[in-house]
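Following: one structure in structure tokens, then a few remarks.
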2 protein chains.
Amino acid sequence: MPDSAIRPRKEFGKTIAADITHRLREEIIACGLAPGEPLRFDVLRERFGASFTTLREALTALAAEGLVDAQEQRGFRVAPVSRQDLVEVTDARVLIEVELIRRSIERGDDDWEIAVISTLHRLKRIEQRDPEHPLRDPEWKIAHRQFHQALVSACGSATLLAIRAELFDRAERYRHLSANFRPRPRDKAGEHQAIMQAAISRNADLAVQLIEAHIRSTSDNVATYAGHLLDTE
Amino acid sequence: MPDSAIRPRKEFGKTIAADITHRLREEIIACGLAPGEPLRFDVLRERFGASFTTLREALTALAAEGLVDAQEQRGFRVAPVSRQDLVEVTDARVLIEVELIRRSIERGDDDWEIAVISTLHRLKRIEQRDPEHPLRDPEWKIAHRQFHQALVSACGSATLLAIRAELFDRAERYRHLSANFRPRPRDKAGEHQAIMQAAISRNADLAVQLIEAHIRSTSDNVATYAGHLLDTE
DNA sequence: AACGGTATGATTTTCGAAAATATGGTTCTG
DNA sequence: CAGAACCATATTTTCGAAAATCATACCGTT
């Protein structure tokens, strides 16, 4: 049956609202919608082809994730960025990710090792193919996300994984913010490789040290190259 | 002007949606709506006097907080409870709350000390008044929440405070779950007093130890007295 | 000119009807 | 009698119009 031709757009979820939530999230993270930008319903309605109500539901969900700022009776806007927020997100990520890496290394089984190795492999393949601007490449972004996700996936706590995922998204937005101004990506491939090896060899202390450095240096990079964008508000 | 007579209900927020979100959250935490219970729009519509759309927005927000479970195309239900979830929530709370207590003790100023002392004072007053079933008393619940909030309020991270608040709510629901079966509340007053003293005297290690014990013993209590409610799903 | 109040237009928020989807029961078939 | 296919009903999901609210410009007064 050609029912895919009938349904308009439901790529990521069964409901339109879930779909719009996903698309809006991606656009905000990629800074296709600038931080602080007002999200007017007329504009969104045209861009996403959904009704007021459906958009409202999506914006409410994203507000709970910290990517959208709900101003009661005065609409929504993309969550603003600031040095303070960048510091907080970085800091929270270190606290949680370090703990989850430890637990994953402690509890990870064969499937976990395979997931870590294979997601890194894919990431490297994509980087070889086009080493220039990885954040511009949607495939790289997905592979990168999946590698870091795999590292902590054996921690055993869906609750903490959900919190980690939110913080990861918020941090990714800052990376995009600085991507346009950063002269050249640093040697992430090497860092990822080292983290993988530390994890697989069950060297928790080393893995933790590398992850923390990885997160903090990314954050420092943003502060250096996008600092001028963080002072407006 | 008698405009309060015109407006129907907007106690907690400027919008009806924010209001409903707040009321629904309280009911779910207090187990007025049982874990796993389906949330049908007809019923909610009658109980809260709001339209489909407004209710949907509230439910979406609560789903992001982990108090509601959204089943695409099959509506919403109160988030189910389980031993696993209780363990995860307890565990995540310890991880985060311990860190925030340390930071607050490190950074807290005079105002912080005053907030800690005064919120505890109010809590004790309420307990003296009616020492029986504190969770039944809305005032006690608010005072208890505010005391624990005050303890960590000087940590300097709005991001982590928001995460902590969500976990606190989820844990409070479990406390309510066991409240009906627990024979008698243990000596919380003494525990709170000891935590306050450790914090004010800037004894971080002791405060951390007490808080962790406080959180874990509460959780153990739930597992003991409400265990039979945690196995259904 | 400065200020306060008011009308006007823009925008958000809320509503209930209509469409889409799931659920449960009934019949028909092997 | 088991199981698939269908229909009828219950429920969720989506829509655009209508109400409520906010922002701005205008006017009159001091």
Side-chain angles (χ1 to χ4, degrees), chain A residues 1-24 28 33-34 36-64 67-80, chain B residues 1-24 28 33-34 36-64 67-80:
Chain A
M1 297 327 122
D3 83 18
S4 66
I6 296 169
R7 298 201 214 166
R9 298 196 206 89
K10 286 192 188 178
E11 296 176 38
F12 303 108
K14 279 189 177 180
T15 66
I16 293 179
D19 208 47
I20 304 269
T21 304
H22 187 275
R23 292 207 284 148
L24 252 172
I28 291 173
L33 294 164
E37 183 177 339
L39 295 165
R40 296 240 168 68
F41 283 100
D42 289 338
V43 180
L44 296 176
R45 208 145 161 280
E46 191 166 3
R47 182 179 321 201
F48 292 97
S51 71
F52 298 102
T53 316
T54 307
L55 288 165
R56 188 154 238 282
E57 185 179 331
L59 290 170
T60 302
L62 293 172
L67 289 173
V68 158
D69 189 18
Q71 307 164 287
E72 291 195 340
Q73 301 286 25
R74 295 197 292 137
F76 298 82
R77 58 174 180 168
V78 180
Chain B
M1 293 334 118
D3 83 20
S4 66
I6 296 170
R7 298 200 215 169
R9 298 198 206 88
K10 286 191 185 179
E11 296 177 37
F12 303 108
K14 279 190 176 178
T15 66
I16 293 178
D19 208 47
I20 304 270
T21 304
H22 186 275
R23 290 207 285 150
L24 252 172
I28 291 173
L33 295 164
E37 183 177 340
L39 296 164
R40 297 243 167 67
F41 282 100
D42 289 338
V43 179
L44 296 177
R45 206 143 161 281
E46 190 166 3
R47 173 153 4 177
F48 292 97
S51 71
F52 297 102
T53 316
T54 307
L55 287 165
R56 188 154 239 281
E57 184 179 331
L59 290 170
T60 303
L62 293 173
L67 290 173
V68 159
D69 188 17
Q71 306 164 287
E72 291 196 340
Q73 300 287 24
R74 295 198 292 138
F76 298 82
R77 59 174 179 168
V78 180

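Residue numbers start from 1 in every chain, and the chains themselves are labelled A, B, ... in the order their sequence lines are given, proteins ahead of strands. In this text the structure is predicted, and so the values were computed from the model without any measurement.
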I need the NZ-C1' distance between B:Lys14 and D:dA20, as an integer number of Å. 13 Å
Contact class for A:Leu39 vs. all strands (heavy atom < 4.0 Å): base, sugar-phosphate, or nothing? sugar-phosphate
In this structure, how many angstroms lie between the P atom of D:dT11 and the CG atom of B:Leu44, rounded? 12 Å
List, with names and distances, any nitrogen or oxygen atoms from the protein found under 3.5 Å away from nitrogen or oxygen atoms belonging to nucleotides 15-18 of chain C.
| from | atom 1 | to | atom 2 | distance (Å) |
| --- | --- | --- | --- | --- |
| C:dC15 | OP2 | B:Ser51 | N | 3.2 |
| C:dC15 | OP2 | B:Ser51 | OG | 3.4 |
| C:dC15 | OP2 | B:Thr54 | OG1 | 3.2 |
| C:dC15 | N4 | A:Thr53 | OG1 | 3.3 |
| C:dC15 | N4 | B:Thr53 | OG1 | 3.2 |
| C:dG16 | O6 | B:Thr53 | OG1 | 2.7 |

Above 12 or not: heavy atoms from other molecules or residues under 6.0 Å from CD of A:Glu72? yes
A:Arg56 CZ to C:dT12 C1': how many Å, rounded? 7 Å
Contact class for A:Glu72 vs. all strands (heavy atom < 4.0 Å): base, sugar-phosphate, or nothing? sugar-phosphate
Measure CG/B:Asp69 against C1'/D:dT12 and give the value in whole Å, please. 15 Å
Enter the distance from A:Thr15:OG1 to B:Arg56:CZ here, rounded to the nearest 0.5 Å. 6.5 Å
First encountered from the 5' end of DNA chain D, between A:Ala18 and B:Asp42: B:Asp42
Rounded to whole Å, the CD-C1' distance (B:Glu57 to C:dT14) equals 10 Å
Counting heavy atoms from C-beta on, name the nucleotide in D:dT13, C:dA22, C:dT13 closest to the side chain of A:Phe41. C:dT13
If you measure from CD on B:Glu46 to CZ on B:Arg40, what distance do you get to the nearest 0.5 Å? 14.5 Å
Options C:dT13, D:dT12, C:dA22, nucleotide nearest the side-chain atoms of B:Arg74: C:dA22
State which of D:dT21, C:dT14, D:dT13 makes the closest approach to the side chain of B:Phe76. D:dT13
Nearest whole Å is fine: how far is C:dA19 C1' from B:Gln73 CD? 12 Å
Report the distance from atom CG of A:Leu39 to atom CG of A:Leu24, rounding to the nearest 0.5 Å. 7.0 Å
About how many Å separate CZ of A:Arg47 and CZ of A:Arg23, when rounded to the nearest 0.5 Å? 9.5 Å
Rounded to whole angstrom units, what separation is found between the CD atom of A:Gln71 and the C1' atom of C:dT11? 13 Å
Is the shortest side-chain heavy-atom distance between A:Leu59 and A:Leu44 below 4.5 Å? yes
Of the nucleotides D:dT13, D:dC22, C:dT11, which has the atom closest to the A:Thr15 side chain? D:dT13
Does OP1 or OP2 of D:dA10 have a side-chain N or O of B:Arg40 closer than 4.0 Å? no
Establish, yes or no, whether the cationic atom of A:Arg45 lies under 6.0 Å from the six-membered ring centre of A:Phe52 and within 45° of the ring axis. yes
